[in-house]
Amino acid sequence: MMDKQEIYTWIAQTLVDTFETDPARISLEARLYDDLDIDSIDAVDLVVKLQKHTGKRMQPEAFKTVRTVGDVVDAVHQLLKQ
Amino acid sequence: MNIERVWRVIATGICFAVFGIGGIAILCALFPALKLVPGPMRRQRYAKAVIHQGFRTFVAMMTRLGVISVEVRGGEKLARFGLFILANHPSLIDVVLLMSLVRRPDCVVKSALWRNPFTCGPVRFAGFINNAGGPALIDDCIASVARSNNLILFPEGTRTRPGESLQFQRGAANVAVRGPTAVTPVIISASEPTLTKGTPWYRVPQHRPHFTLTVLDDIDPATALDSSMDAGLAARRFTDWLQHYFTREIACRT
C-alpha cells in the first residue's frame with residue numbers, strides 16, 4: 001500500500017515519462033489542465049496506468065472533480081484505502 | 001463602392017437567406033421523409049447525401065452569383081471513403097466548400113448548431129458529431145472514419161483570426177494517433193479575407209474572393225513519429241508536426 005508521498009512521486013514520474021511534462025512545474029498545487037496541459041483524454045490514459053500500477057480497478061469518474069496534482073494524490077489514496 | 005461590390009453585398013445576403021431556408025426546408029420537409037428509410041445508418045447516409053448535394057448546389061449558386069470563385073487542386077484524392085480530412089479554417093464557408101467536395105461527409109459540429117433552428121435539422125439527421133469534448137469525442141471521430149464516412153475536422157477548433165498564427169488543438173492528432181488513421185490535409189486559401197471571425201456578413205471584401213482548396217497527399221502519423229511512444233505524447237508531437245506542416249503549406253500558397 002502506497003502512502004501519499006509514494007503516490008505523489010509515482011504520479012510526478014509518470015507525467016514526465018508519459019507526457020514529457022517539465023518536472024520543475026510539477027507540485028501538489030499545480031493544476032492539471034491550466035499549468036500542466038493535461039486534458040481529459042490524457043487523464044483517461046493516466047487512470048489506465050494507475051490501474052496497471054496498483055492492480056486496483058479505478059473508475060475515471062472518481063477523478064471527475066480533481067483539479068490539481070494534490071487532488072489526484074488524495075483521490076488515489078482514498079481508492080487504495082477502500 | 002462600385003456596382004460590382006454592391007451586387008456582392010446583395011448576393012451575399014441572398015446566399016445567407018437561401019442557406020437558412022434550405023436548412024429549414026430540410027428540417028421540415030425532406031428529412032421527415034427519410035423516416036421511411038429503414039435503419040438509422042442508412043438514414044444517416046441518405047441525409048449526408050442530401051447535404052453533400054445541397055452544398056454542391058449552394059457552392060454552384062455562390063459562384064454563379066459572383067460572390068466567390070473556387071478552384072480545387074488535387075480534388076481526385078477526395079474521391080474516396082473513410083478519409084480523415086484536416087483543413088485550416090480561414091472563413092465561415094470552409095465546411096460548405098469541403099462538404100460539397102466529399103461524399104458521405106461527417107463533421108464535428110459545435111453544440112450551438114444543435115440548437116440553431118436553421119442548422120439543427122441537417123446536423124441531427126446526418127448524425128454529425130456533437131463537440132462534447134473529451135475522450136468520447138475522440139472515440140466518435142475514430143468510429144466515424146471506421147464506418148467509411150469522410151470526416152472533416154478543423155484542428156484549430158475555430159476560425160483563424162486574420163493575421164494570427166495557427167494554433168492547433170490536440171483533438172485531431174489524438175484521432176489520428178489513436179485510430180490510427182492517416183490524415184488527408186486540405187489547404188484552404190482565400191485571395192481576400194472573407195467571412196472571417198468577427199466580421200459582419202455584409203462587409204464584403206473589395207474584390208471578389210477566389211478560394212483555392214489544395215488537397216495534399218495523405219500523411220500516416222507513424223511516419224512522423226517514433227512508434228514506441230505513448231499515445232498521449234504521440235498526440236502532442238503530431239499536433240506540433242501538423243501545425244508546422246500547415247503553417248508551411250499555407251505560407252507557400254499566399
Side-chain angles (χ1 to χ4, degrees), chain A residues 2 7-28 30-73 75-76 79, chain B residues 84 86 108 110-111 129-146 151 153-158 165-181 183 221 224-244:
Chain A
M2 299 160 89
I7 296 169
Y8 174 74
T9 312
W10 185 86
I11 289 170
Q13 191 56 49
T14 306
L15 288 176
V16 174
D17 294 343
T18 315
F19 307 113
E20 290 187 344
T21 307
D22 177 5
R25 302 180 73 134
I26 302 173
S27 67
L28 280 173
R31 289 166 300 175
L32 294 169
Y33 184 75
D34 300 301
D35 301 328
L36 303 179
D37 194 27
I38 303 294
D39 59 28
S40 55
I41 299 153
D42 302 326
V44 172
D45 291 348
L46 211 54
V47 172
V48 171
K49 287 197 177 237
L50 257 163
Q51 294 197 116
K52 274 201 190 130
H53 182 70
T54 60
K56 202 156 177 145
R57 276 195 68 78
M58 292 181 186
Q59 294 301 323
E61 285 73 48
F63 298 91
K64 265 238 153 89
T65 56
V66 301
R67 284 181 48 100
T68 66
V69 174
D71 294 341
V72 182
V73 173
V76 174
L79 285 169
Chain B
F84 181 41
L86 298 186
V108 176
K110 64 179 171 188
S111 310
I129 300 169
N130 191 348
N131 188 3
L137 174 62
I138 305 299
D139 293 342
D140 288 349
C141 288
I142 293 170
S144 171
V145 176
L151 176 62
L153 195 75
F154 300 104
E156 293 166 270
T158 184
S165 59
L166 292 186
Q167 209 60 55
F168 278 15
Q169 301 192 27
R170 276 206 297 271
N174 264 312
V175 174
V177 165
R178 290 165 201 267
T181 172
V183 162
L225 299 167
D226 171 3
S227 58
S228 63
M229 233 180 257
D230 267 312
L233 187 56
R236 282 166 167 74
R237 291 276 168 80
F238 198 46
T239 302
D240 291 344
W241 194 96
L242 285 171
Q243 194 174 302
H244 279 119

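Per chain, numbering begins at 1; letters A, B, ... match sequence-line order.
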ask   = Would you say B:R237 and A:E20 make side-chain contact, with heavy atoms under 4.5 Å?
value = yes
query = For atom NE2 of B:H244, is the number of surrounding heavy atoms from other residues, nucleotides or ligands below 6.0 Å larger than 12?
reply = no
query = Any side-chain heavy atom of B:R178 sitting closer than 4.5 Å to one from A:D45?
reply = yes
ask   = Would one find more than 12 heavy atoms of other residues, nucleotides or ligands at under 6.0 Å from atom NZ of B:K110?
value = no
query = Which heavy-atom pair separates A:I41 from B:P135 by the least distance, and what is that distance?
reply = CG1-N, 3.8 Å
note = Tightest non-hydrogen contact, residues B:R236 and A:D37, listed as NH2-O, 2.7 Å
key: Portion of A:L46 that has a non-hydrogen atom of chain B nearer than 4.5 angstrom   = neither
